[in-house]
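Quick notes on the structure that follows.
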Amino acid sequence: MDVLILNHREVRQLLPMHECIAALEQVFVTLANGDALQPLRWPMFLPDRSGLLGMMPGYVGGDINMMGIKTVSVMPGNHGTEYDSHQGTIMLFEKTHGVLKAIVDATEVTSIRTAAASGVATKLLARDDACNLAIIGSGVQARSHLTAMLAVRNIKRVRAFSPNQTRLEAFSAWGRRTHQVEVELTDDTRSAVDQADIICTTTSASTPILLGDWIADGAHINAVGSSVKSARELDTAAVLRSDLYVDWRVSTINEAGDFLFPKQEGVIDESHILAELGELLIGAAAGRTSTKQVTLFKSLGLAVEDIAAAHLVYQKATARGAGTYLEIGAKKDI
C-alpha cells in the first residue's frame, strides 16, 4: 500500500496556526462527547535517564475516524544544540482494515499543536482585552506560543525572559522578523510577568520559575513546559490562587507535576480541576466569570491532538499533491 510521508518543511507549510487552533477545538469537542479514545502515554526511559522514548496512541471519531500513534524521543540534553528536544513521527491508520495511510513528522506537529492548544485555552479563558503578554523561555515553544497568542488576542506588548541570553536575543530577533513584534527582554521572570494579562511558561525547568505572588489579578497562564510528574514550572501558591483547566483530567492527575506537587502537599485535590477545554467548548462547564479571576491552563499534550493536526496535514497534502509516497505493507495473496 502507498503511504504518504510528510517532512517537517511540508508540515510547516500545511499547518498554519489558525487552522491548527480550529482543528484542536473540534478534537476537544470530540473528546468531550466521548467519541475518542485517549490512553495514557507510555514512556521508556533510557538506563541513565538522559532521555526517553514516548508512545502516545489514540483514536478520534467524527470526521477524522482514524487511529494514530505518536512515537517521540524526548531528550532534554538537546536544549542549546542544533537538535529539537522532541523528535519523532505520527502514524495515521484508517479504522476499517488498520491500513497505514500517513507518516508525519512529529517535531513540527508537536511545536505547532502544543501552542495551538494554548491558543484554544487563551480564547476561552483570557480576558477579551488581554494584550500584555509574557513568555518565559526562548526555545521552539516560545516562538510557537508567540504565534498562537497573536492569533487569538490583540497583543500590544510582549516581554520575555530566559537564562540563555543568546537564545533570548535570537527569539526577540525572530519575533521582529516574523511577526513585526518587538519582544522586550527582561532580567528575570518577575519583571517579565509584572502586570501581564497572559503568561506562557515554555521552559525545561524542573523546579518552579513562576511564583504566585508575581501573578497579576485577571491574568491567564498557559503552563506548557513540564509534562512529567517529577517537574513543575509553577509554585504551589500560583496553582492555589488559580482556577485550573486542563486538556484531559486523567493525564493531569497522573502526569502533571504542576498539579501533583500541590496535591501531595495537601492543599488541593482533584476538585481543583474545574474543567477540560472540551467541556468549556460544549457548554458543560463555565470558564472565566470575572475580570480579576486568575485562570490556569495546564497543558500536557494528547495523542488526539497529534492525530487531529496530522490528519489536517494529511488531508491538505493529498489535495495539493504534496509529500512523498512509499510502498509500505501489502495485501495478502488470496
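Residues: numbered from 1 along the sequence shown.
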Note to self: Between Asp306 and Arg113 (salt bridge meaning N to carboxylate O under 4.0 Å), is one present in this structure?
What the structure shows: yes
Next item on the list: Indicate whether any N or O donor in one side chain lies under 3.5 Å from an N or O acceptor in the other, for Ser138 and Ser162.
Entry: yes
Next item on the list: Check the pair Val3 / Ile103 against side chain to side chain contact (heavy atoms under 4.5 Å, CB included), numbers first and verdict last.
Entry: CA-CA 7 Å; Val3 178; Ile103 300 174; 4.0 Å; yes
Check: Does Arg159 use its side chain to pair, donor to acceptor, with the backbone of Ile135 at less than 3.5 Å?
Finding: no
Note to self: Between Asp35 (side chain only) and Gly62 (backbone N and O only), is there a donor and an acceptor less than 3.5 Å apart?
What the structure shows: yes
Checklist line | Single-linkage hydrophobic cluster, 4.5 Å side-chain cutoff, Val152 and Leu277 together | finding: yes
Checklist line | Least distance between heavy atoms, Ala308 atom then Leu24 atom | finding: CB-CD2, 4.4 Å
Next item on the list: For the residue pair Lys263 and Thr236, establish whether any side-chain heavy-atom pair is separated by less than 4.5 Å.
Entry: no
Check: Can Glu270 and Arg249 be counted as an ion pair, charged N to O under 4.0 angstrom?
Finding: no
Note to self: Check Glu255 with Lys229, please: is the shortest side-chain N to carboxylate O separation under 4.0 Å?
What the structure shows: no
Next item on the list: Could you tell me how the ring of Tyr314 sits relative to the ring of His311: parallel (under 30°), tilted (30 to 60°) or perpendicular (over 60°)?
Entry: tilted
Margin query: Would the distance check show the side chain of Ser242 and the main-chain N or O of Val294 forming a donor-acceptor pair, the cut-off being under 3.5 Å?
Written below: no
Notebook entry, point to check: Under 3.5 Å, side chain of Lys292 to main-chain N/O of Asp217, donor-acceptor pair present?
Noted result: no
Check: Just wondering, do Trp248 and Leu31 contact through their side chains at under 4.5 Å, heavy atoms?
Finding: yes
Notebook entry, point to check: Do the side chains of Ile215 and Arg241 get nearer than 4.5 Å, heavy atoms only?
Noted result: yes
Note to self: Quick one, Leu124 and Leu281 - any side-chain contact, counting heavy atoms below 4.5 Å?
What the structure shows: yes
Item checked: Side-chain touch Thr201/Asn222, heavy atoms, less than 4.5 angstrom -> no
Notebook entry, point to check: Shared ILVMFWY cluster between Leu280 and Ile221, side chains joined below 4.5 angstrom?
Noted result: no
Checklist line | Any side-chain heavy-atom pair of Val239 and Ile268 under 4.5 Å | finding: yes
Note to self: For a quick check under 3.5 Å, do Ser226 and Glu233 share a side-chain donor-acceptor pair by atom type?
What the structure shows: no
Note to self: Donor-acceptor pair, distance only, cut-off 3.5 Å: does the side chain of Asp258 make one with the backbone of Leu234?
What the structure shows: yes
Checklist line | Shared hydrophobic cluster for Ile136 and Met149 (ILVMFWY, side-chain gaps under 4.5 Å) | finding: no
Item checked: Side-chain H-bond candidate by donor/acceptor type, Asn132 with Gln195, under 3.5 Å -> no
Notebook entry, point to check: Is Val27 linked to Leu37 within one hydrophobic cluster, defined over Ile, Leu, Val, Met, Phe, Trp and Tyr using a side-chain heavy-atom separation of less than 4.5 Å?
Noted result: no
Notebook entry, point to check: Just by distance, do the side chain of Glu94 and the backbone of Met66 share a donor-acceptor pair under 3.5 Å?
Noted result: no
Next item on the list: First locate atom OG1 of Thr289, then atom CG of Leu274, and finally report the distance between them rounded to the nearest 0.5 Å.
Entry: 9.5 Å
Margin query: Does Arg232 form a salt bridge (charged side-chain N to carboxylate O under 4.0 Å, His left out) with Glu265? I'd like the steps, not just the answer.
Written below: CA-CA 14 Å; Arg232 58 173 170 170; Glu265 293 166 8; 3.5 Å; yes
Checklist line | Same apolar cluster (I L V M F W Y, side chains within < 4.5 Å links), Val74/Val109 | finding: no
Checklist line | Electrostatic pair Asp188-Arg190, nearest N-O below 4.0 angstrom | finding: no
Notebook entry, point to check: Checking Arg41 side chain against Gly301 main chain: does a donor-acceptor pair fall under 3.5 Å?
Noted result: yes
Notebook entry, point to check: In terms of side-chain heavy atoms, does Ser118 have a donor or acceptor partner in His145 at a distance below 3.5 Å?
Noted result: yes
Note to self: Counting C-beta onward and ignoring hydrogens, is there a side-chain heavy-atom pair between Arg157 and Leu133 closer than 4.5 Å?
What the structure shows: no
Notebook entry, point to check: When you measure from the side chain of Asp235 to the backbone N and O of Gly212, does any donor-acceptor pair fall under 3.5 Å?
Noted result: yes
Notebook entry, point to check: If we only count heavy atoms from C-beta on, is the Asn65 to Tyr59 side-chain gap below 4.5 Å?
Noted result: yes
Checklist line | Under 3.5 Å: donor-acceptor pair, side chain of His220, backbone of Gln293 | finding: no
Notebook entry, point to check: If you measure from CG on Leu168 to CG on Leu185, what distance do you get to the nearest 0.5 Å?
Noted result: 4.5 Å
Check: Does Glu10 reach the main-chain N or O of Asn7 with its side chain, forming a donor-acceptor pair under 3.5 Å?
Finding: yes
Check: So, Asp48 versus Ser50: side-chain donor-acceptor pair below 3.5 Å or not?
Finding: yes
Checklist line | Note: Arg9-Glu108 ion pair, threshold 4.0 Å (strictly below) | finding: no
Check: Is the closest side-chain donor-acceptor distance between Gln141 and Ser144 under 3.5 Å?
Finding: yes
